[in-house]
Amino acid sequence: MNNGSMKAVGVIPAKREVALFEHAMPHLSAPTELKIKTLEVGICGTDREICSFAYGTPPCGSDYLVLGHEALGEVVEIGPGVTRFKPGDLVVPTVRRPCAHEHCPSCRDARQDFCSTGDFTERGIKMTHGFMTEYFVEDQVHLNIVPPQLRDVAVLVEPLTVAEKALAQVWQVQQRLPWTNGSTSEAERGAGKTAVVLGAGPVGILGAMALVVSGFKTFVYSRSPEPNPKADLVNSIGAKYISCATTPVAEFARQVGRIDLVYEAVGVAQISFEVMTVLGLNGVFVFTGIPPHQAAIPIAADSLMRQLVLKNQAIIGTVNADHHAFTQAIRHLAVFKQRWPEALGKVITGRHPLENYRALLLGKATGIKNVITIG
Ligand code: BGC
């Protein structure tokens, strides 16, 4: 790094290249902006998909897009209008930036996760550079402060926000019936209810932790047969791992009993729609996975429709996360760390230098969450 440029990893879609290149050092350009030194960046399926050029758009006027949307950084410089942060603070940025349209009520209300025009941008994904670089500049409204005790796990905040936004919607949607016992205490809201998590990747495992902490009896239904490290991790937090390779859906449903909530974090339609057929009365099913475009598969659409109606079921798709979800994720991570320090630590299976980007982005996916350590 020198004053003019720094290292960054990104994609050059026109050349179908993934590369480590020099990127201009950013500077504060508004009073409410901060300069942040990147400490860690998590790698997820979206990054890998961008590297297959199925997704991802550079900013206007740039032929490349700097990757990275799961970041932890340290504030190194603040503008004169910054009120909520000081140098040395640890911060996690949100991902989505609002569209510019006056007629988008969501973006005008800082709810760009529900942008109604589609003209939002996303750091490291859509038309705004990401965080897989040494420094970045951000407005204070897009940053969340993280307590220093969470330094070693805070890179998991963004993937945990997927579950937090999903849960916030589950509580809202289920207000349509007397679903909870009226308790607002976190430990009781899911008590007496059964949740199923599909998939044991980082979004699934972190989601399972959030569900257990919220009181749900929680099952994780995933492919790999036992024994395997993900199953051990899941079982160690008081959830139960069941493999769909050895336990078919009907038998799974028999073992689990009535399913009140399905949290899909697998990104595969086949198993998701099969599990939808065993969702219980008044149940809610939340999709978070983004499958690649593939050939159509047959589903029992009439019986599924009949079931959705006769059982009062709700199906939700959710993407991105608002500030509230980030705040909840930071709060929950502290709870997880206290309750399951070892299991939480195991979610991060590898820390790597930026120079290893090729293997991480283009090689075989391994472990649970791989992280690039920069600062
Ligand atoms: C990110 C979201 C983003 C979505 C779609 C996910 O990987 O976590 O913030 O909205 O991709 O681009």
Side-chain angles (χ1 to χ4, degrees), residues 9-11 13 40-59 65-73 91-99 104 106-107 110-132 136 138 141-144 154-169 199 201-207 210 263-268 286-293 316-330 332-333 347-348 360-361 365 368-372:
V9 165
V11 288
E40 293 194 319
V41 183
I43 298 208
C44 83
T46 302
D47 301 310
R48 295 170 63 86
E49 212 185 352
I50 296 173
C51 292
S52 75
F53 306 99
Y55 205 62
T57 317
L65 170 74
V66 175
L67 283 168
H69 60 275
E70 300 180 0
L72 167 68
V91 288
V92 168
T94 59
V95 178
R96 195 173 277 192
R97 302 293 167 261
C99 75
C104 180
S106 305
C107 287
R111 285 306 303 263
Q112 52 266 25
D113 58 313
F114 279 117
C115 174
S116 62
T117 67
D119 289 337
F120 60 83
T121 67
E122 287 181 342
R123 291 206 68 154
I125 302 174
K126 182 176 182 252
M127 301 175 77
T128 312
H129 288 308
F131 311 116
M132 221 174 270
F136 61 94
E138 191 53 271
V141 297
H142 301 306
L143 295 170
N144 304 279
V155 71
L156 298 175
V157 167
E158 200 279 342
L160 176 56
T161 62
V162 176
E164 301 296 351
K165 180 173 170 187
L167 262 178
Q169 288 174 86
V203 173
I205 291 177
L206 292 167
Y263 172 71
E264 180 279 322
V266 70
V268 178
V286 192
F287 280 106
T288 77
I290 310 174
H293 293 291
I316 308 174
T318 179
V319 70
N320 199 252
D322 64 330
H323 262 295
H324 178 70
F326 275 81
T327 307
Q328 282 290 99
I330 293 164
H332 264 160
L333 263 193
V347 176
I348 299 177
L360 294 167
L361 291 163
I368 305 174
K369 175 59 73 186
N370 281 294
V371 168
I372 289 184

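Remember, it's a predicted structure, so these values are computed and weren't measured experimentally. First listed ligand is number 1; within each ligand, the first listed atom is number 1.
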Please check this pair: side chain of [X] against backbone of [Y], looking for a donor-acceptor N/O pair closer than 3.5 Å.
X: E264; Y: V286; answer: no
X: N144; Y: V92; answer: yes
X: E122; Y: G124; answer: no
X: Y55; Y: T46; answer: no

Heavy-atom side-chain proximity of I368 to P202 below 4.5 angstrom: yes
Sub-4.0 Å heavy-atom environment of ligand 1, residues by chain: C44, T46, Y55, H69, V95, R96, E122, I125, E158, V319, N320
Ring pair (Phe, Tyr, Trp, His ring centres under 6.0 Å) against H332, all qualifying residues, sequence neighbours excluded: F336
